[in-house]
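Keep in mind that this is a model prediction, so the values were computed, not measured. In the text below, chain A, chain B and the rest are named by the order of the sequence lines, each starting its count at 1.
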4 protein chains.
Amino acid sequence: MGESGNSRWQRKKEARPSEILDAALMLFVDKGYRATKMEDIAQAAGVTKGTPYLYFQNKEEIFKAVVRETIVARMQAMSAQLAQLHDASGSQLLGMALENWWIHIGATRSAGLCKLMAAEATNFPELALFYYEEVIRPARQLLGHIVQRGMDSGEFRPANIEHVIDMLTAPMLMTMILSHSFGQVPGCCESLTQDPLAFLKTALQLTLQGLQNPPAPDTQS
Amino acid sequence: MGESGNSRWQRKKEARPSEILDAALMLFVDKGYRATKMEDIAQAAGVTKGTPYLYFQNKEEIFKAVVRETIVARMQAMSAQLAQLHDASGSQLLGMALENWWIHIGATRSAGLCKLMAAEATNFPELALFYYEEVIRPARQLLGHIVQRGMDSGEFRPANIEHVIDMLTAPMLMTMILSHSFGQVPGCCESLTQDPLAFLKTALQLTLQGLQNPPAPDTQS
Amino acid sequence: MGESGNSRWQRKKEARPSEILDAALMLFVDKGYRATKMEDIAQAAGVTKGTPYLYFQNKEEIFKAVVRETIVARMQAMSAQLAQLHDASGSQLLGMALENWWIHIGATRSAGLCKLMAAEATNFPELALFYYEEVIRPARQLLGHIVQRGMDSGEFRPANIEHVIDMLTAPMLMTMILSHSFGQVPGCCESLTQDPLAFLKTALQLTLQGLQNPPAPDTQS
Amino acid sequence: MGESGNSRWQRKKEARPSEILDAALMLFVDKGYRATKMEDIAQAAGVTKGTPYLYFQNKEEIFKAVVRETIVARMQAMSAQLAQLHDASGSQLLGMALENWWIHIGATRSAGLCKLMAAEATNFPELALFYYEEVIRPARQLLGHIVQRGMDSGEFRPANIEHVIDMLTAPMLMTMILSHSFGQVPGCCESLTQDPLAFLKTALQLTLQGLQNPPAPDTQS
DNA sequence: GATGAATGAGCTTTCATTCAT
DNA sequence: GATGAATGAAAGCTCATTCAT
C-alpha cells in the first residue's frame with residue numbers, strides 16, 4: 001500500500017494472465033487438453049490453484065484464450081512482415097511468406113497449437129471455427145493471392161489454386177505437427193525433425209519447379 | 001427359434017473384441033483418448049460398462065490394441081499390393097503406393113489414428129515408438145526405395161531422399177489429419193476436404209515434375 | 001448316460017460342495033472374506049465361475065457353510081475322543097483335551113477359521129453367535145467341567161473357573177491365530193511358530209503348576 | 001463471529017490427518033480393511049469423499065498410517081513407563097509391564113489394531129513385518145529381559161524363555177482380540193469380556209506361581 | 001448339471017471448481 | 001488479489017451374481 005514495495009511483484013501482477021496462458025500453452029501442447037490439470041497450469045505459472053480462476057472463468061476459457069492470444073500475437077507479427085509484398089516475383093514472395101511463418105510460428109511453441117487444434121477441433125467446434133477463420137483462412141488467402149498473381153503473370157502455369165495452396169502448406173503442417181508429437185519421443189526422431197527449415201526450403205523449391213516449368217507437352221492426363 | 005432369441009447372446013464371443021475396438025477407434029479418433037469414456041466405448045459396442053474389461057485389461061490396452069489391430073490389418077492389405085512392384089517406372093510406383101495407402105488407410109477410419117497418434121504421442125511414448133517402427137518407418141522406407149531406384153536410373157534427378165519422402169508424405173498426412181479435425185466441423189470445410197484424392201494426385205504430379213525435369217540451368221539454389 | 005462312464009467324475013459330482021467349501025476355507029483363511037473372489041474359490045475347487053451358485057445361494061452362504069461344516073466335522077471328531085474321559089486326573093484330562101483340540105483343529109486348516117471368525121465377527125453377528133454357541137461355549141464348558149471336578153476333588157485349588165478356562169484357552173488361541181497371520185509372513189517367524197505343540201504343553205504345565213500347588217500361605221490378595 | 005462461522009472451516013488443517021486416522025482406525029478395527037469404504041472414513045471424520053486424498057495417497061497408505069501412528073504413539077507412552085524398571089522383583093516388573101500395556105493399549109481402541117493386523121497380515125506382508133519389528137518383537141524382548149533376570153537371580157526356575165513370553169502374552173492377546181470381535185456381538189459376551197483386567201491379573205499370578213514354585217518332585221514331564 | 005459371457009452396483013481415485021480467509 | 005482446504009461430480013475398474021446355452 002503506498003510504497004508499492006517490490007517492483008518485481010508489481011510487474012508480475014499485470015503479467016499474471018499472460019504468464020498463465022504461457023504455462024497453459026506449453027502444457028496443453030505437450031499433454032493435450034484433458035490431460036493438463038489446472039493445478040499444473042497454476043504451478044507452471046508460479047501461482048496457486050485458485051489464481052487462474054481470478055483471470056479466467058474456467059479451463060475451457062483458458063484454452064480458448066490460449067488459442068486467441070497466441071494467434072492474435074503471432075498473426076500481428078506476421079502482418080508486419082507481409083507489408084513487404086512489393087514487387088518481388090511469386091517465387092520470392094512465397095519463400096518469404098513461408099520463412100516468416102516458420103520464424104514467427106513454426107519454430108515457436110505456437111506451432112504446437114496446430115497439433116492441439118487438430119486434436120481438439122471436434123471437441124471444441126466453435127473454437128475450431130474461430131481458428132479456421134482467424135488463422136487457416138487468412139493464411140491460405142495470402143498464399144492464394146501470391147499464386148494467382150504468379151499465374152496471371154505467366155510465372156506459374158495454370159493449376160488448381162486450392163491444391164497449390166495445400167501443396168505449399170502441407171510441408172509446414174507436417175513439420176509443425178511431427179515436431180510436437182513423434183519428434184518429442186526418443187527413438188522416433190531419426191528421420192523426422194532434423195533441420196526442418198532445410199526441408200521446408202527443399203519442399204518449396206520442388207513445388208515451385210513443378211509449378212514453373214512447362215509440363216512435358218504430352219503429360220497432362 | 002429363427003435368428004436366436006435374446007439380443008444379449010446374438011453376437012458371438014469372438015466378435016466382441018473387434019466390436020469393442022471398432023467402437024473405440026471411432027470414439028478415440030473423434031474425441032481423443034482422454035475425452036473418451038470407457039462406458040461410451042461399451043455403449044457404442046452395444047455392451048455394458050464391465051464387458052470391455054473381459055477382453056482388455058484397461059483403457060490403455062484398448063488404445064494400444066486399436067492401434068495395433070488397425071495398423072496390422074491395414075499394413076497387411078498394403079503388403080499384398082506392394083508385391084506388384086515389378087518393372088513400372090518410379091513415377092508409376094509412387095502413384096500406386098500413394099493410391100494404395102489412400103484406399104486402404106487414408107480414406108478409412110484408420111486415417112483418424114494418425115491424428116490420434118500425433119495428439120497422444122507424448123502421452124504414450126512407448127506406443128508412439130511402436131507406431132513409428134511399425135507404420136511410419138516402413139512406409140518411409142518403401143517410398144525411399146522407389147525414389148532411390150528412380151535416381152539411380154536417371155528418372156529422377158538427385159536430391160535429399162528424406163526430404164523427397166517428406167514431400168510425398170506431407171499431402172497425405174495433411175489430408176488425413178484435416179479430414180478428421182477441422183474437416184468435421186461445419187463451416188470449416190470450404191476448401192479443406194473436397195475431393196482429397198484429386199489433391200493427392202495433383203500434389204504427386206507437382207512433386208514428380210519438380211523431381212523429373214532438370215532444373216532451369218540458371219536457377220540459383 | 002447308462003454306462004456311468006468315468007467313475008472318477010461320478011465321485012466328483014457328489015464331492016463338489018465339499019470341494020468348494022474346502023477351497024473357500026483355504027482362501028478365506030488366507031486372504032479374508034472380502035478379498036476372496038468367488039471366481040478364485042471356483043477355480044481352486046476345479047470348477048467354473050457359475051458352479052458354486054448351483055450349491056450355495058451366494059458368497060455369504062458359502063462363508064457360513066464353511067464355518068458350519070468345518071465346525072461340525074471337527075467337533076464330531078472331538079466328541080469321539082472326549083468319550084474317553086473316564087477317571088483320569090484333572091491334569092490328565094486337560095492334557096488330553098488340549099492335545100485332541102490341537103490334533104483335530106489347531107494343527108489343521110480349521111485353525112484359520114478362528115482368525116477368520118475374529119476378523120469377521122462384527123460383520124456377521126449371527127454367524128459369530130452361531131460360532132460362539134457351537135464352538136466356543138461347548139469347548140469352554142468341557143474345560144469348565146474338568147476344572148470343576150478337579151477343584152471338587154482337591155486336585156486343584158479353588159479359583160475363578162472362567163479365568164482358568166481363559167488361561168487354558170489363551171495359548172491355543174494365540175498359537176492358532178499367529179500361525180495363520182504373522183506366522184505366514186517371511187521374517188516374522190523367528191520366535192513365533194516353532195514347535196507350537198511344545199509351547200502348548202509347557203503352557204499347560206505352567207498353568208497346572210499354578211493351579212495344583214498350594215499358594216504360598218500369604219499370597220492371595 | 002464467536003466460534004467461527006462456517007462448519008467447513010471450524011477445524012484446522014493440522015487436525016485433519018489425525019481426525020481421518022482416528023476415523024479410519026475405528027472403522028478398520030470394526031469392519032476390517034476391505035469392508036471399510038473410503039467414503040465411510042471421510043464421513044466419520046466429518047469431511048467428504050475427496051478430502052482424505054488431500055492428506056494420504058490412498059487407502060492402503062491410510063491403513064499404514066493408522067498402524068504407524070497408533071503404534072508409535074502408544075509405544076512412546078510405554079517407553080516412558082518402562083524407564084521405571086529399577087530394582088523391583090521380576091514378578092513386580094512383569095505385573096507393571098502388563099498393566100502398562102493394558103492401560104495404554106489393551107484397554108484402548110489400539111487393541112483393535114491387533115486383531116486387524118492378524119486379520120490382514122497375509123494381505124500386507126510388508127506392513128506385517130513393520131508391525132512385527134516395531135511392536136511384537138520389542139514387547140517380547142522386554143518381557144524376555146525381565147524373565148531372564150528373574151531366572152538368573154533364582155526368582156524363577158529355569159524354563160524355555162520364549163515359551164514363558166508366549167505364556168505371558170497369550171492372555172493379553174486373547175483379551176484384546178476377543179473384546180474386538182465376539183465381545184462386540186450381543187449374546188457372545190457372557191463369559192468373555194467381563195473384567196478383563198481381573199483375568200489378566202489372575203493369569204499373571206497363575207503363570208508366576210508355576211514359574212516361581214519348584215515343581216513337585218515327582219511330576220513327570 | 002456346468003459353463004462363462006454379460007451385467008451393473010459399488011468402490012477407489014481424480015480434478016475442476018469454489019470460497020472463507 | 002491470492003491462497004489452498006474442501007467439495008463432489010465423474011471416471012476407471014472390480015466382482016458377485018445371473019442366465020442362455
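- Between the Y33(B) side chain and the E60(B) main chain, a donor and an acceptor come within less than 3.5 Å of each other.
- Counting to the nearest Å, the P atom of dA2(E) and the CZ atom of R16(C) are 5 Å from each other.
- If you check dT21(F) for Watson-Crick or wobble pairing at under 3.5 angstrom, you find it paired to dA2(E).
- For the pair Q43(A) CD and dC15(E) P, the interatomic distance rounds to 13 Å; values are reported in whole Å.
- Contact annotation for K59(D): backbone-only contact, meaning every heavy-atom pair under 4.0 Å involves sugar-phosphate atoms and none involves a base.
- Listed pair Y55(A) / dA2(F) meets the phosphate criterion, a side-chain N or O lying under 4.0 Å from OP1 or OP2.
- Smallest separation of non-hydrogen atoms from A118(D) and K115(C): O-CD, 3.4 Å.
- When the nucleotides dG4(E), dA2(F), dA2(E) are ranked by their closest atom to the side chain of T48(C), dG4(E) comes out on top.
- Note: Y131(A) and F182(B) have parallel aromatic rings, judged against thresholds of 30 and 60 degrees for the angle between ring planes.
- Regarding E39(C), its CD atom lies at a distance of 11 Å from the C1' atom of dT14(F), rounded to whole Å.
- In this entry the distance linking CD of Q57(A) with P of dT18(E) reads 9 Å, nearest Å.
- For the pair F56(D) CZ and dT12(E) C1', the computed distance is 16 Å after rounding to whole Å.
- Considering only side-chain N and O atoms, T51(B) lies under 4.0 angstrom from the phosphate OP1 or OP2 of dT7(E).
- Closest-nucleotide positions on DNA chain F for K49(A) and M38(C) were compared, and the one nearer the 5' end corresponds to K49(A).
- The backbone N or O of F124(C) sits nowhere less than 3.5 Å from a side-chain atom of K64(C) that would complete a donor-acceptor pair.
- Across all strands shown, K37(B) has heavy atoms under 4.0 Å from sugar-phosphate atoms exclusively, and none from any base.
- Between E61(D) atom CD and dT14(E) atom P there is a gap of 12 Å when expressed in whole angstrom units.
- Side-chain nitrogen and oxygen atoms of R34(B) include at least one within less than 4.0 Å of the OP1 or OP2 phosphate oxygen of dC15(E).
- A distance-only check finds no donor-acceptor pair linking the side chain of T70(B) to the backbone of S110(B) [under 3.5 Å].
- Distance, Y53(D) OH to dA11(F) P: 17 Å, rounded to whole Å.
- If you check dG10(E) for Watson-Crick or wobble pairing at under 3.5 angstrom, you find it paired to dC13(F).
- Of the residues near DNA chain E, Y33(D) and L54(B), the one whose nearest nucleotide (by heavy atom distance) lies more toward the 5' end is L54(B).
- One atom, CD of E19(C), and another, P of dA2(E), lie 10 Å apart when rounded to the nearest Å.
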